[in-house]
Amino acid sequence: MARPRSFDEGEVLRAARDQFWSIGYAAARVDDIAAATGLGKGSLYGAFGDKRQLFLRTFDDHCAELVDAVRQALDGPDAGALERLRAHVLEVADATASDASRRGCLLAKGTAELSGQDPAVEETARRTFAAIGELLTSCVAGAQRAGDIRQDEDPARLAGLLLAVLRGIEALGKGGGSPDSLRAIAETALAVLPRP
């Protein structure tokens, strides 16, 4: 009979995620992950598998949380959709600007480092970007129905532009972009949305 786990799985996964997030997958040593989680290597392997399996679990969990956060920010009635969209874009710029450690976005970091060599990472990234794109598209379409964005524009194309801008803001922030420049990019992207 297996012994029950004597650790909080969520806390362990968060600690492991923070190791990967801070220094990247390749640089994260299992010894360092074990120390950060407070587990021995044997317990870590027994609970989560090897380093790759642990990364995939933390990456998948993080991406799911990211999609949920975007959903919470953008879901709602058509009236107010443009305001929610605006608030979300500006929040990403402000959060990126306030990231003093410049660790950036785990989705972006994991995708850049591993998607060309790990099909599971590539699939999770593709699925996550698609889900965020769909949420942005839905919000843009809501703003169109409310009469705040022109209805003759393709909402998916506008959402694709916003997704690219948001990913670009995060990359520029990691590269040391100033808070004012990141906010200006966000405001410019919002300003080019075609109004009636």
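Numbering of residues begins at 1 and proceeds along the displayed sequence. All of these numbers come straight from a predicted model, not from anything done at the bench.
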List the atom of [X], the atom of [Y], and the distance in Å for their closest heavy-atom pair.
X	Y	result
G133	A159	O-CB, 3.8 Å
P155	A141	CB-N, 4.1 Å
G142	A81	C-CB, 3.8 Å
L163	F129	CD2-O, 3.7 Å
K51	A28	NZ-O, 2.7 Å
T37	A16	CG2-N, 4.0 Å

[X] side chain vs [Y] backbone, donor-acceptor pair below 3.5 Å:
X	Y	answer
Q144	E153	yes
S138	E134	no
W21	G104	yes
E123	A120	no

Inset, instruction - Could you give me the CA-CA distance, side-chain angles and deciding distance for E113 and K109, then say whether salt bridge (charged side-chain N to carboxylate O under 4.0 Å, His left out) is met? - result: CA-CA 6 Å; E113 183 178 2; K109 184 178 271 187; over 6 Å; no

Would you mind reporting whether [Y] and [X] have side-chain heavy atoms less than 4.5 Å apart?
X	Y	value
L182	D94	no
R167	T111	no
L44	V12	yes
F59	L114	no
L90	L190	yes

Would a single hydrophobic cluster contain both [Y] and [X], if residues Ile, Leu, Val, Met, Phe, Trp and Tyr are joined by side-chain heavy-atom contacts under 4.5 Å?
X	Y	value
V140	L166	yes
V121	L66	yes
L107	L13	yes
L193	V89	yes
L162	V192	no

Legend entry - L82/R195 under side-chain contact (heavy atoms from CB on, under 4.5 Å): CA gap, chis, key distance, verdict: CA-CA 11 Å; L82 182 60; R195 303 298 176 86; 3.6 Å; yes

Legend entry - Worked check of salt bridge (charged side-chain N to carboxylate O under 4.0 Å, His left out) between R52 and D50: CA-CA 6 Å; R52 177 181 177 271; D50 63 12; 6.0 Å; no

Roughly how far, to the nearest 0.5 Å, is [atom2] of [Y] from [atom1] of [X]?
X	Y	atom1	atom2	answer
K41	I33	NZ	CD1	11.0 Å
L158	L136	CG	CG	10.5 Å
I132	C63	CD1	SG	7.5 Å
Q19	T58	CD	OG1	11.0 Å
R183	D180	CZ	CG	10.0 Å
R17	R57	CZ	CZ	12.5 Å

Inset, instruction - Any chance you could lay out the side-chain contact (heavy atoms from CB on, under 4.5 Å) test for D68 and E65, step after step, and finish with the verdict? - result: CA-CA 5 Å; D68 285 344; E65 290 169 9; 5.6 Å; no

Legend entry - Verdict with reasoning, E170 to K174, per salt bridge (charged side-chain N to carboxylate O under 4.0 Å, His left out): CA-CA 6 Å; E170 290 168 349; K174 185 160 176 52; over 6 Å; no

Inset, instruction - For the pair F20 and Y25, name the ring-plane relationship: parallel under 30°, tilted 30 to 60°, perpendicular over 60°. - result: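 Answer is parallel, since the angle falls under 30°.
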
Inset, instruction - Kindly check if the number of other-residue, nucleotide or ligand heavy atoms within 6.0 Å of CZ (R127) is above 12? - result: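 More than 12 within 6.0 Å, yes.
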
